[in-house]
Amino acid sequence: MKISEILKNKKVTLSFEIFPPKKQEAFESVKQTALTLSALKPDFISITYGAGGSTQSNTSDLAKTVQDSGTVSLAHLTCVRSSKESLLQTIQLLKQKKIENVLALRGDLPKDAFEGENLFPSGLFHASDLTELLKEHDFCVGGACYPEGHPESTNRDADIQNLKHKVESGVDFLTTQMIFDNDMLYSFLYRLQSAGIHVPVIAGIMPVTSASQVSRMVDLSNAYIPRKLLSFCDRFRHDNEAMKQAGIAYATDQIIDLISNGVRGIHIYTMNKPEIAEAIVKNIDSIIKAVNRREN
Ligand code: FAD
C-alpha cells in the first residue's frame, strides 16, 4: 500500500525507522528487530540506505522482510556518489520486491571525497531530481525536511524555497529531522503553510536513552537540545535503566503534545532498539486509537 493512502485515511499515524547492519553477520539480528517492530503494528517501517557504510542491498531486503510480515515499508534511497545505472538497478530491485514507497534523499556529502571527485555521476544533484526519477517509476515518494534548517543551507528561507521545489517535483509527504523541542516544529509548520507547502509532515522523534547519544545527535543534526533533556542526561548518565526510563518519558511527553496540537504523523527513530519503541507504544496507543476513532 502507498503511504500517501494511509496518510489520507488516518488521523494519526505511527511509524518507525530502522537501519541495516554495518556487518553482514548482523543481518539476521536486524531482521529480528524488524519483525519485533512489525508486531507492534505501526503504519509503516522505514529502512535507511547506505548511511554508516551498510550494504545497500540490505535496505531492500529488510524492506521486503517488513512487507512480508504484514507492515508497509518505506525504503530510503540516496543519489550522492551513485551512477544512473546503479540507481535504476536499485529501482528495479525495489519493483521486483513490490516495495511501493521510497524516501528520496540526496545523502550527506562524503567526508572522504577527493579533490575534483564528481559526487553526482548520475546528474541527479538534489533529492528533488531523484524524486522526479522515482515518480517516473510510479513510487509513492517521501522527502526529508529540517525544521531547524539544513546544515548546508545559507538561511531558512532559501531552505524552504528548495523544499518547495522538492515537493513540486512530486514528494507526497515529508519526514522531519529529529526534533527535541516541539515549538521548533510548530513554527516550521507555520512557515510551510505560508510558503504554500501543503503535503503531510511526519514528525521525527528520537528517544534519548543514553547520554553519549546527545553529543552524537548534535553533531549529526544540529538540533536544539532543550535544558530539560540536558538535565536528565546529566543527572542519570551513569545509570542505564534510569536514562532509558527518562528518555522514554521525554519522548512520550513530546508525542502527546504533538498529537494534542494536531500533528498527524509520528515517526520514531528506534535506533534498532525495539524495547524502547514498545515502551513508547504502550504509553500512547490508547491516545492514537482514540484520535483515529473520532469522526473529526
Ligand atoms: P536535498 O533535499 O537535496 O537538500 C540538501 C541541501 O541542498 C539543502 O541545504 C537544500 O536546501 C539544498 N538544495 C536542495 N535543492 C536545491 C536546489 N535545487 N538548488 C540549490 N540548493 C538546493 N542519509 C543517508 O545517507 N541515508 C538515509 O537513509 C537517510 N535518511 C534520512 C531520513 C530523514 C528523515 C532525514 C531528515 C535525513 C536522512 N538522511 C539520510 C540524511 C540526509 O541524506 C542528509 O541530511 C543530506 O545532507 C540531505 O539530504 P536531502 O535529501 O535532505 O537533500
Side-chain angles (χ1 to χ4, degrees), residues 3 15-22 30 44-60 62-63 73-82 87 90 94 99 101-113 119-120 122-134 141-180 184-185 188 191-192 195 197 199-206 217 219-223 265-272:
I3 290 172
S15 51
F16 301 137
E17 179 187 283
I18 57 170
F19 53 83
K22 283 186 192 150
V30 179
F44 66 89
I45 294 180
S46 82
I47 303 99
T48 67
Y49 185 83
S54 64
T55 310
Q56 294 173 342
S57 66
N58 279 343
T59 297
S60 60
L62 281 169
S73 65
L74 169 65
H76 295 201
L77 180 62
T78 65
C79 58
V80 66
R81 258 187 183 162
S82 287
L87 288 172
T90 305
L94 292 169
I99 310 299
N101 306 289
V102 179
L103 191 74
L105 299 144
R106 183 200 68 186
D108 279 325
L109 300 176
K111 292 197 176 97
D112 62 352
L119 291 175
F120 301 98
S122 64
L124 309 183
F125 298 94
H126 302 290
S128 52
D129 302 323
L130 181 59
T131 299
E132 283 176 12
L133 178 67
L134 289 163
V141 179
C145 64
Y146 305 83
E148 297 170 62
H150 184 265
E152 283 167 40
S153 63
T154 42
N155 62 65
R156 288 190 196 180
D157 287 342
D159 208 27
I160 295 232
Q161 281 317 307
N162 291 331
L163 186 60
K164 184 167 182 176
H165 175 65
K166 180 154 73 176
V167 170
E168 286 167 352
S169 303
V171 159
D172 296 289
F173 64 93
L174 294 165
T175 304
T176 75
Q177 176 68 282
M178 58 190 88
I179 43 153
F180 301 101
M184 296 282 176
L185 180 72
F188 177 67
R191 278 183 283 130
L192 294 191
I197 300 175
V199 292
V201 178
I202 299 175
I205 298 297
M206 163 86 83
M217 283 171 335
D219 282 352
L220 281 174
S221 71
N222 265 342
I266 306 292
H267 191 59
I268 300 181
Y269 294 109
T270 71
M271 301 299 287
N272 291 6

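We count ligands from 1, going down the list as the structure has it; atoms in each ligand are counted the same way. Please read these numbers as outputs of a predicted model, since none were measured by experiment.
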Taking atom 29 (C) of ligand 1 as the point of reference, which of L174, L105, L163, T154 owns the nearest heavy atom?
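Minimum heavy-atom distance to atom 29 (C) of ligand 1 goes to L105.
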Measuring from atom 51 (O) of ligand 1, which candidate in H267, E17, R106 has the nearest non-hydrogen atom?
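Nearest heavy atom to atom 51 (O) of ligand 1 lies in R106.
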Test side-chain contact (heavy atoms from CB on, under 4.5 Å) applied to I202 and F173, step by step
CA-CA 8 Å; I202 299 175; F173 64 93; 3.7 Å; yes
For ligand 1, which part of [X] has a heavy atom less than 4.0 Å away: the side chain, the backbone, both, or neither?
X: L109; answer: neither
X: H126; answer: both
X: F125; answer: neither

List the steps, then state whether side-chain contact (heavy atoms from CB on, under 4.5 Å) holds for T176 with L185.
CA-CA 9 Å; T176 75; L185 180 72; 3.7 Å; yes
Between E152 and R106, is there a salt bridge with N-O shorter than 4.0 Å?
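Answer for the salt bridge query: yes.
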When you check the gap from the basic side-chain N to the acidic O, do D129 and K166 get nearer than 4.0 Å?
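Salt bridge between D129 and K166, a charged N being under 4.0 Å from a carboxylate O: no.
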For [X] and ligand 1, does the shortest N/O to N/O distance drop below 3.5 Å?
X: H150; answer: yes
X: N162; answer: yes
X: D108; answer: yes
X: D159; answer: yes
X: H76; answer: yes
X: A144; answer: no
X: T175; answer: no
X: K166; answer: yes
X: T78; answer: no

Element-labelled atoms of ligand 1 that are located less than 4.0 Å from some non-hydrogen atom of [X]:
X: T48; answer: 28 (O)
X: Y269; answer: 34 (C)
X: A127; answer: 1 (P), 2 (O), 3 (O), 51 (O)
X: Q177; answer: 36 (C)
X: L103; answer: 32 (C)

May I ask whether Y146 has any heavy atom positioned less than 4.0 angstrom from an atom of ligand 1?
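The answer is yes, since Y146 has a heavy atom less than 4.0 Å from ligand 1.
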Does G107 have a heavy atom less than 4.0 Å from any atom of ligand 1?
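The answer is yes: ligand 1 sits under 4.0 Å from a heavy atom of G107.
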How many angstroms lie between atom [atom1] of [X] and atom [atom2] of [Y], to the nearest 0.5 angstrom?
X: T131; Y: L124; atom1: OG1; atom2: CG; answer: 10.0 Å
X: L87; Y: S82; atom1: CG; atom2: OG; answer: 4.5 Å
X: L77; Y: L94; atom1: CG; atom2: CG; answer: 7.0 Å

P110 backbone acceptor or donor facing D108 side chain under 3.5 Å:
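Between the backbone of P110 and the side chain of D108 there is no qualifying donor-acceptor contact (under 3.5 Å).
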Give a yes or no on whether the backbone of F19 and the side-chain of N272 come within a donor-acceptor separation of less than 3.5 Å.
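Such a contact is found between N272 side chain and F19 backbone.
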Quick check: closest heavy atoms across P21 and L62, and the distance to 0.1 Å?
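Result for this residue pair: CD-CD1, 4.4 Å.
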Under the side-chain hydrogen bond (donor to acceptor under 3.5 Å, both in side chains) rule, collect the residues that match up with S46, sequence neighbours excluded.
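Counting only residues at least two positions away or on another chain, S46 forms a side-chain hydrogen bond (donor to acceptor under 3.5 Å, both in side chains) with H76, H267.
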Audit row: L192, L163, side-chain contact (heavy atoms from CB on, under 4.5 Å) steps and yes/no
CA-CA 9 Å; L192 294 191; L163 186 60; 3.7 Å; yes
Are T59 and T48 packed together at the side-chain level, in the sense that at least one heavy-atom pair is separated by less than 4.5 angstrom?
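Contact flag for T59/T48 side chains = no.
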